[in-house]
Amino acid sequence: MSDVITVHVPTPSRTYDVIVGSGILDSLGDRVASTCHPDAVLVVTDSNVGPLYLQRVVTSLEKAGLRTATLTIPAGEQYKRLVTFGAILEAAAQASLTRDGVIVALGGGVVGDMAGFAAASYMRGIEVVQVPTTLLAMVDSSVGGKTAIDLESGKNLVGAFLQPSLVLADVACLATLQPDVFVDGIGEIVKHGILADAKLFDELAEHPLTQYSDASYLARIVARNVEIKRDVVSTDEKERGLRQTLNLGHTIGHAVEAASGFTLGHGHCVAIGLCCVARAAEALGWAEDGLSSRIESCITAQGLPIDTTIASDDIIKYATHDKKRHGDVVNLVIPSTIGGVGIRLVSLDDFRHIVCLGCGVTR
Ligand code: GLY
């Protein structure tokens, strides 16, 4: 087992630890028992992750004396729906979880979002422990308390804020990811570098991350990203101001994701969104010269895309239906330098211009 890094996350609603290390999955039971003191646990996982790690997690929880039930849901964003959410609630009731029960979310962002939302709703709210197994979930979605499910009308339209009581990120789990799924998480890591850490950005540009990177290096990168997110969410838990900066690259990224019918991974779409908004910002004189090519080469080095062939009209259509739009303006996070971003309210006409300047312009 490599060194274990603990990142302390204080937020107005709850203070918790994110534990990062390699080979730490078997410590979950003792950590859940001492942090949450639950009377019972429901572990929610999916059909990809369950066969790999569910038994180890159950053994660890039972060894710690915790009564444990499990639910395996089908893997995939298309199952992040009311019907699966209902199945998790039923499983919690069948397992006789009380208000002192805990739901453990074992998996990627979809499992974390749905199990988290079920925990926020069951008996008006019980505790959730996040055990992210993808890079994207480790560096982003398991931290900060956003939980949600999708509706036919759009992604993440129903949800709640529920900070986890504990997050345990075992980077050894990254070795079993499909290469594309691992790389997907790097989109959010590059975003964090642009937002807040020029040193991290330069390190990534020089030494692209791979799932075969040294375990202590991976743990350090995950922990640094959790710190960056922690610094934002502990100041602005409910996205009234500063947390909006975490949407860097997401307005265009979400539109590309939706226009692709969710066939392109979220992190890939964020990577495209980061490059598009950087190119437009530089063309408009809002960003320092050379910023967009620095971002493009860092993203290319990770094996992520820098542009899209989706028509600008489609990007504009999907982006202006985004739930983060406020009236007739779009809240756009603009990078001005590596380590410096601002939020601009842009009119729909200006947004159209930005999309035309930044998207579909590379060969
Ligand atoms: N993924 C952005 C946020 O948690 O606010």
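Just so you know, ligand 1 is whichever comes first in the structure, and atom 1 is the first atom listed for that ligand.
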Chemist: For atom 5 (O) of ligand 1, what is the nearest protein heavy atom, given as residue, atom name and distance?
Modeler: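 The closest one turns out to be R243 NE, 2.7 Å.
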Chemist: Taking all atoms of both residues into account, what is the closest heavy-atom pair of R279 and I306, and its distance?
Modeler: NH2-O, 2.9 Å
Chemist: Under the side-chain contact (heavy atoms from CB on, under 4.5 Å) test against I19, which residue among V167, L166, D170, V226 passes?
Modeler: L166
Chemist: Any N or O of K146 that comes nearer than 3.5 Å to an N or O of ligand 1?
Modeler: yes
Chemist: Please test K146 against N156 for side chain to side chain donor-acceptor pair (under 3.5 Å), starting from the C-alpha separation and ending with a verdict.
Modeler: CA-CA 10 Å; K146 279 189 181 175; N156 293 337; over 6 Å; no
Chemist: Decide side chain to side chain donor-acceptor pair (under 3.5 Å) for S165 and E127; before the verdict, give the C-alpha distance in whole Å, the side-chain angles of both, and the deciding distance to 0.1 Å.
Modeler: CA-CA 6 Å; S165 298; E127 291 181 63; 2.5 Å; yes
Chemist: For K191, is at least one N or O under 3.5 Å away from an N or O on ligand 1?
Modeler: no
Chemist: Quick one, S292 with E282, criterion side chain to side chain donor-acceptor pair (under 3.5 Å). Give me CA distance, side-chain angles, the key distance, then yes/no.
Modeler: CA-CA 7 Å; S292 58; E282 199 177 323; 2.7 Å; yes
Chemist: Could you list which atoms of ligand 1 come closer than 4.0 Å to a heavy atom of K229?
Modeler: 1 (N), 3 (C), 4 (O)
Chemist: Report the part of D140 (side chain from C-beta onward, or backbone N, CA, C, O) that has a heavy atom under 4.0 Å from ligand 1; answer both or neither where that applies.
Modeler: side chain
